[in-house]
Amino acid sequence: MSERIPQHRYTAELAGQIERRWQERWEAEDTFASANPAGPWASPDDPRLADGRDHRVVMDMFPYPSGAGMHVGHPLGYVSTDVYARYLRTAGTNVMYAMGFDAFGLPAEHYAVQTGQHPRVTTEAAMATYRRQMRMIGLSHEPRRTFATIDPDYVRWTQWIFQRIYDAWYDPDAPPREGSGQAGPGRARPISDLVGQFSAGERPTPDGRPWAELSRVERARVLDGYRLAYVSAAPVNWCPGLGTVLANEEVTADGKSERGDFPVFKRNLSQWMMRITAYADRLTDDLDRLDWPERVRLMQRNWIGRSTGAEVDFPVATVAGDAAQIEVFTTRPDTVFGATFMVVAPEHPVVDQIVPDAWPEGTQEAWKGTGEARATPREAVQAYQREAATKSDVERQKETVEGSAKSGVFTGAYATNPVTGAPVPVFVADYVLMGYGTGAIMAVPGQDQRDWDFATAFGLPVVRTVQPTPDHPEDQAFTGEGVAINSANDQVSLDGLGVAEAKERIIAWLEQTGRGRSTVTYRLRDWLFSRQRYWGEPFPVVWDEDGVAHPVPDDQLPVTLPDVPDYTPRTFDPQDAASEPEAPLARAEEWVETTMDLGDGRGPVPVRRETNTMPNWAGSCWYYLRYLDPDNTRVPVDPAVEEYWIGPRRETVPGAPEGAVDPGGVDLYVGGVEHAVLHLLYARFWHKVLFDLGHVTSEEPFRRLINQGMIEAYVYRDERGFPVPAAEVEEHPSADGGAPAYTWNGAPVTQEQGKMGKSLKNVVTPDDMVDQYGADTFRVYEMSMGPLEQYRPWETRAVVGSQRFLQRLWRNVVDEDTGAVTVVDEELTPELSKALHRTIDAVGTDYAALRTNTAIARMIELNNLLTKLDAVPRAAVEPLVQMVGPVAPHLAAELWERLGHEDLTYTPFPQADPAQLVEDAVTAVVQVKGKVRDRLEVPADIAEADLEALALGSEKVQRFIDGAPVRKVIVRAPSLVNIVV
RNA sequence: GCCCCCGUAGCCCAAUCGGCAGAGGCAGCCCACUUAAAAUGGGUUCAGUGCGGGUUCGAGUCCCGCCGGGGGCACCA
């Protein structure tokens, strides 16, 4: 059987030999090393650094290495960036292309729990598998730049950056750094600047005492209120099932953990936070300067949720008789004349101050609540508060969103509408959330459906203050645009104004009279930064005997994880809301209790180490910076190196606003859309802090982002609905050309498309594909399946098409029987020459635009032309081999060498001759009333009038005109004429 | 409920500015090579662009309304 196959055919075996040979050679020769302008590996004489030469940083989101290794879906983005990087090298660009590992995290910890092995052991093993697979498919990463987030050297700098964040505060009045594209003031500054302001008396202390009179502990408390990394005892997301607290971004809309899908409860716990809210404006504004998919920018904008409006003060009398105010936030201050009642969140502190001992005269029964306790306002309100406290946010929402019935209780107090002077009843209701705005609203049933529902349920009055459209239903709030009505008092009138003008006028009046102010709120909350896990970066922080936090001095970093016998996390019954987090590190007592010289003149003192660890996101917040300068022992990245690679560019990205300043950042970042608001938001935040503090020159980490699609696979299910092994399913074409039928073991099965996974029995690995077809074929197939962004199903059956292409290319150069090179040194025919140059032109454009699928189609086309020739001219096949280089690098390198050349990696991409791209003659289409009726061969530079005359002279055309008067002739020389009769 | 993306041959996908619906691949069918099959090579069939309107000389492309698939947000004041 196999002896029939020609000895030198490009089979999987031969491909494998070629691939291994080139992989070894590339590694031995450091082929992919980039040229460095500065830092430990500086090579200033490298020609790639010459003036005018471009540079690009190309990278993928680094993987979290799972024990199972990669399936064929994982390398899609990697192969794309590799093709792009390889193309750029041939285009004369200095390319930085590296890959590391995101190696802290829960799965390794879970796996370690099951197997009893240390997470480091299993993680290292998984990384070895990934490295082998990435090398096997020919990725041209620069080996010397690789690292994992668990490497002590990397942890050291992650902790170092934490210290800088801890040692900084956000000064909203500070001018931005020179040259930044920031619109308004605001910048992080070292905490020492703040201490300077306090001690100089420029900034008052909270209680007004001079700074010098504050104790050590008091000063620390004051500063903690400003730091960008701080400990707070706020309500946090506690997940007993995982045994840790979680960031808002890690909790799904229905109150479950994103990982594991466990219930999450709000608990008041003391935790590390990052003051990301200080950057809310810049994180929103700077999205405009990035070349990112619109939907990702939209998701970030939604997550940050900037909303402009006004705060309005509603006077209220406390039970003690004092004049107080309830401050509300509204985006519709123009509707304040229609505010007929108020609602405050059950947790709102004002409630205790205003609830009277007895119901006011004439209080409606329905306002007193539904429970037993309704004799006095105090009892009713407390009962309602208790009930609300036992419910999670999600439960609160469920009852009311789905049922649309709103619960609530009258507080017994009345406030005063500041524009009408009318008394308005104050309710507590859980549809108002303490965590958003001021935790209190003015209710305007006329213009807000939620308020309308509440007003209807409690028999409250409705005043429309915006004229609804004529067809608007009588029984609904009107939330649209319209002119203001019923909106005037003695001093100000909004009547007749549109919404925007009305807002402006009423805010001006409120500010003038001290009743309110224009304001901005955000949905974004500070980032909860500590986790009760073992497998993460330890905080470089110790606590002294007074409970004051101290950073571990830089020269003592990294703080490494203690080796403990019991590193498993304490998890609980997922429903056990009352459980307490228990950090695994707290059990390493010898590590926790230590002494340290804190540098404050006291000498070594007893301290307790912080026992929480950083979240998995910490390591991925800055790894792209470390690629730039991985061996630097002085700083995370040399500023000159950073500026060269990712500093702001002179030109802005496409679509950036007029006059914008380029933010810099990685030139191409490819990864899944699932990180749209987690990793990508956190990394942007850290980067901006580093920018403010002067450690980097770029304002953004990732200048251009592409979300690669997912490779899915067919899932076949038997009649019971269970998946059957996809590889064993047989296809049976239908007789009439319709959809085919599928069977497994003779029994019919159904086909659907789904994720690739063990449980669906449809996993295909790169290892299988490289064995069966070779790495180059695998790469070509992945790239020819469609555009990078698209989701598409894997079909192993179709891979053979890519193999045939490479086999034909091989055969166009090498004799399958003898192995001899068969190309001839003949002139190209004019037709072939034109085809070649058109292909060069198109393929170069496609590669540069990451349209690898169409580039491959063009190369197949040219290759098929060559296949038909008796002898293949060298001048045609050599450029083709060069063009194939980015997608099938091993095969191209081999053929290039056999054709008598050196390594292809830096050989300049072929140039298309512009003269060969112009056509002498083209086919002009002649349409009559939009239908094609004739085709004419005409010179490419034909004049419109000549083409028109030629078209009208056509016999076929005249037949279709059929003597009717010609009304109009549209000429698009040289390709089209449309005659309208 | 609101917002975003996508629907082109049996399948994966092409189609600059609105200008001949088809570049490439898979599958199918036919032929060559073969004792035969596989592999390989050559040839070839197949859709009028999810549906309904509109704009236009001309619509896969632009606009409106549906249908189907995917995703995001959701008492956010």
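Numbers restart at 1 for each chain; the letters A, B, ... are given by sequence-line order, proteins then strands.
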In whole Å, what is the span from the [atom1] atom of [X] to the [atom2] atom of [N]?
X: Y791(A); N: C5(B); atom1: OH; atom2: P; answer: 16 Å
X: L298(A); N: G72(B); atom1: CG; atom2: C1'; answer: 8 Å
X: R804(A); N: A27(B); atom1: CZ; atom2: C1'; answer: 10 Å
X: M859(A); N: G25(B); atom1: CE; atom2: P; answer: 13 Å
X: Y522(A); N: C76(B); atom1: OH; atom2: P; answer: 19 Å
X: E752(A); N: G68(B); atom1: CD; atom2: C1'; answer: 17 Å
X: L952(A); N: C57(B); atom1: CG; atom2: C1'; answer: 14 Å
X: D846(A); N: U16(B); atom1: CG; atom2: C1'; answer: 12 Å

Out of [options], which nucleotide sits closest to the side chain of [X]?
X: P787(A); options: G72(B), A14(B), A27(B); value: A14(B)
X: N978(A); options: A14(B), G19(B), G41(B); value: G19(B)
X: I860(A); options: G24(B), C76(B), G42(B); value: G24(B)
X: A857(A); options: C12(B), G24(B), C57(B); value: G24(B)
X: N864(A); options: G41(B), G58(B), G24(B); value: G24(B)
X: R523(A); options: A74(B), C26(B), C4(B); value: A74(B)
X: R295(A); options: G19(B), A77(B), C4(B); value: C4(B)
X: V800(A); options: G42(B), C26(B), C57(B); value: C26(B)
X: T854(A); options: A77(B), G42(B), A23(B); value: A23(B)
X: Y714(A); options: C12(B), C13(B), G19(B); value: C12(B)

Suppose we define a pair by two distances each less than 3.5 Å, Watson-Crick or G-U wobble; what does [N] pair with here?
N: G65(B); value: C51(B)
N: A21(B); value: none
N: A9(B); value: none
N: A32(B); value: U40(B)
N: G60(B); value: none
N: A74(B); value: none

[atom1]-based separation of [M] from [N] [nearest Å]:
N: U61(B); M: U44(B); atom1: P; answer: 31 Å
N: G25(B); M: A14(B); atom1: P; answer: 15 Å
N: G50(B); M: U40(B); atom1: P; answer: 35 Å
N: U45(B); M: C31(B); atom1: C1'; answer: 15 Å
N: C2(B); M: G10(B); atom1: C1'; answer: 38 Å
N: G68(B); M: G28(B); atom1: P; answer: 34 Å
N: U56(B); M: G7(B); atom1: P; answer: 26 Å
N: C5(B); M: A9(B); atom1: C1'; answer: 24 Å

What's [X] touching, base or sugar-phosphate or nothing? Going by heavy atoms closer than 4.0 Å.
X: Q790(A); value: sugar-phosphate
X: V925(A); value: base
X: P293(A); value: nothing
X: R858(A); value: nothing
X: T867(A); value: sugar-phosphate

Considering just the side-chain nitrogens and oxygens of [X], establish if one lies under 4.0 Å of OP1 or OP2 belonging to [N].
X: N853(A); N: A14(B); value: yes
X: R792(A); N: G69(B); value: no
X: R450(A); N: C76(B); value: yes
X: Q927(A); N: G19(B); value: no
X: R967(A); N: C57(B); value: no

Using a strict 4.0 Å threshold on nitrogen-to-oxygen distance, state whether R301(A) and E294(A) make a salt bridge. yes

Going by a 90° cut-off around 0, is C17(B) syn or anti?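 Syn conformation here, the glycosidic angle of C17(B) being no more than 90° from 0.
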
When you check the glycosidic angle of G48(B), does it come out syn, meaning within 90° of 0, or anti?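 Classified syn.
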
Which residue lies toward the 5' end of RNA chain B, V677(A) or I441(A), if each is placed at its nearest nucleotide? V677(A)

G786(A) or Y436(A), whichever maps to the more 5' nucleotide of RNA chain B: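 Result: G786(A).
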
Does NZ or CZ of R523(A) lie under 6.0 Å from the centre of the six-membered ring of W303(A), at an angle within 45° of the ring axis?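 Flagged: R523(A) positioned over aromatic ring of W303(A).
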
Parallel under 30°, tilted from 30 to 60°, perpendicular over 60°: which one fits the rings of Y716(A) and Y714(A)?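 Y716(A) and Y714(A): tilted rings.
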
When T465(A), T479(A), T335(A) are each screened for side chain to side chain donor-acceptor pair (under 3.5 Å) with Q447(A), the one that passes is T465(A)

Below 6.0 angstrom between ring centroids: does that apply to F454(A) and F341(A)?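 So the answer is yes for these two rings.
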
Indicate the atoms forming the closest heavy-atom contact of M756(A) with W794(A), along with that distance. CE-CB, 3.8 Å

Between I856(A), L862(A), N863(A), which is the residue that forms a side chain to side chain contact (heavy atoms under 4.5 Å, CB included) with M859(A)?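 Output: one option passes, namely I856(A).
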
Distance only, no hydrogens: is a donor on one side chain within 3.5 Å (strictly under) of an acceptor on the other, for S407(A) and Y431(A)? no

Indicate every side-chain donor-acceptor pair of residues 782-790 of chain A with a distance under 3.5 Å to a residue at least two apart or in another chain.
residue, atom, partner, partner atom, Å
E782(A), OE1, L76(A), N, 3.4
S784(A), OG, V780(A), O, 2.9
S784(A), OG, Y781(A), O, 3.2

